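To keep things clear, I will list the structure first and then write my remarks on it.
On a predicted model such as this, the values are computed, not experimentally measured, just so you know.
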Amino acid sequence: KKEEIKEEKIEEKPEIKELLSLYLKDKKLIAHNATFENMVFNQFFPHKIPITDDTLLMSYVYNEGMPHDLHSLIATYTSIQKHKNDYRQYERVENDQVPIEVLASANLADADGTIRVYNTFCEKLDGSDWLFYKEYIMDQFFPLICHMNTQGMQIDTEYVRKLLPNYLQKEQDFRRNFTELFDCNPNSSSQVSELLLDLGYILPHTETGDHSVNKEAIAHARKYTEKERLPILAYIENGKYLRYINSYYLLKMFDWLGEDSNVHPDWKVYGTISGRLSSSGPNLQNISKNNVVKKMFTSRYENGWLLSFDYSAHEFRVFALLMRDWGLINAFKSGLDP
């Protein structure tokens, strides 16, 4: 009965989860955004559910310059009309508030569209692109990313709890003092830029013609500021940094935490112009260099270490090898350019 089904949650029915996992574990699963799907499966099912293909990654391999969201791919490569039309009025509504027949129809439409897009790309990807997609991305890189997503990064929650009130107080003190000194809201970019311009500081314009006070703009202003007038810029930078630490790390950290007290960022093997990895929730590739932030992240092993490293001129080394530029190659090999 529909009314009864609405009241029951699958999470509260372990026998249903077990039955579904047994059914799915031997199936060939085709996903769209497989790294996300894998995280969901790991949280929901007691058995590991294999994902063998990803239409999102197939799309990037085929043509990285096109839209890659599922609805765009379905519209471009299939004949499905009015995809999920009944669901559109509920797009901003939580799923548990959507009528079950509408939700089921939308999910079936997604599944149908995903299969059709997958079959299309199987025909479109040529030999070299297909080998790259299967042998490198899905067979090697995808399992590594899934492992990173599942393991996550351990957080020292006690350290964060002790730090939070102190840093919130620091930000509050800064905001109050700044307002008293300059009659200006430090969180308002327009007010801060107007203040600095009135004081004679040189700020770059944005694309809209306004004046920016972001990190790059403050660095630009430093170049054209006398030494004795730099403390105001440093004061503004410190306040902006306090706000960033509080809003991005301290206040969000407990929202990011999983049941294992680890954060599990969403690592993506797509989506950046350069083709690099990206991550969010939190972005572990761009952790603040401040030791206060670094100490939030700890090793899960007793007396363990966390290592941070970066390649030296990695892109140039690859370019030198591809171009057979022996001048650059010999410079790197000899240590002339570290």
Backbone of A217 reached by a side-chain donor or acceptor of N214 within 3.5 Å: yes
For residues 295-302, dump all side-chain donor-acceptor pairs below 3.5 Å to protein atoms at least two apart in sequence or in another chain.
{"unit_1": "S299", "atom_1": "OG", "unit_2": "Y301", "atom_2": "N", "d": "3.1"}
{"unit_1": "R300", "atom_1": "NH2", "unit_2": "Q151", "atom_2": "O", "d": "2.7"}
{"unit_1": "R300", "atom_1": "NH2", "unit_2": "G152", "atom_2": "O", "d": "3.1"}

Residue pair Q97 / V93: nearest heavy atoms and the distance that separates them: CB-CG1, 3.5 Å
Donor-acceptor contact present, side-chain T114 to main-chain D110, <3.5 Å: yes
Main-chain N/O of H205 paired to S212 side chain as donor or acceptor, under 3.5 Å: no
Side-chain donor-acceptor pairs under 3.5 Å in residues 170-177, sequence neighbours left out?
{"unit_1": "E171", "atom_1": "OE1", "unit_2": "N246", "atom_2": "ND2", "d": "2.8"}
{"unit_1": "D173", "atom_1": "OD1", "unit_2": "Q169", "atom_2": "NE2", "d": "2.9"}
{"unit_1": "D173", "atom_1": "OD1", "unit_2": "R176", "atom_2": "NH1", "d": "3.3"}
{"unit_1": "D173", "atom_1": "OD1", "unit_2": "R176", "atom_2": "NH2", "d": "3.1"}
{"unit_1": "N177", "atom_1": "ND2", "unit_2": "D173", "atom_2": "O", "d": "3.1"}

Beyond-backbone contact of N107 with L103, side-chain heavy atoms, under 4.5 angstrom: yes
Distance in Å, L196 CG paired with I202 CD1, rounded so as to fall on 0.5 Å steps: 11.5 Å
Value rounded to 0.5 Å, distance of CG in L164 from NZ in K162: 13.5 Å
Test item: R229 side-chain N/O and L199 main-chain N/O as donor-acceptor pair under 3.5 Å: yes
S193 (side chain) donor-acceptor with S190 (main chain) under 3.5 angstrom: yes
Any residue meeting ring-ring contact (aromatic ring centres under 6.0 Å, His included) with F141, in chain and number order, not counting sequence neighbours: Y136
Check: G113 main-chain N/O paired with T78 side-chain donor or acceptor under 3.5 Å: no
Parallel, tilted or perpendicular, as decided by the 30° and 60° cut-offs, for the rings of Y241 and Y244: tilted
Heavy-atom check, side chain of M153 versus side chain of L306, under 4.5 Å: yes
Side chain N330, main chain W326, donor-acceptor under 3.5 Å: yes
Pairwise side-chain contact, K27 with I49, heavy-atom cut-off 4.5 Å (strictly under): no
Q191 side-chain N/O to C184 backbone N/O, donor-acceptor pair under 3.5 Å: no
Donor-acceptor contact below 3.5 Å, side chain Y133 vs main chain D54: yes
Salt bridge (charged side-chain N to carboxylate O under 4.0 Å, His left out) partners of E237, counting only residues at least two apart: R222
Flag, side chain of T150 to backbone of C146, donor-acceptor distance under 3.5 Å: yes
For K227, all residues meeting side chain to side chain donor-acceptor pair (under 3.5 Å), sequence neighbours excluded: none
For V292, side chain to side chain contact (heavy atoms under 4.5 Å, CB included) partners two or more places apart: Y159, L163, Y167, N290
Intermediate values then yes/no, side chain to side chain donor-acceptor pair (under 3.5 Å), D126 and S128: CA-CA 6 Å; D126 61 24; S128 59; 3.3 Å; yes
Residue pair H211 / T206: nearest heavy atoms and the distance that separates them: C-CG2, 4.3 Å
Which atom of V192 lies closest to which atom of P186, heavy atoms considered: CG2-O, 3.7 Å
F254 and T157, any side-chain heavy atoms less than 4.5 Å apart: yes
Near-ring test F121/Y77, centroid separation under 6.0 angstrom: yes
Centroid separation H220 to Y224 less than 6.0 Å: yes
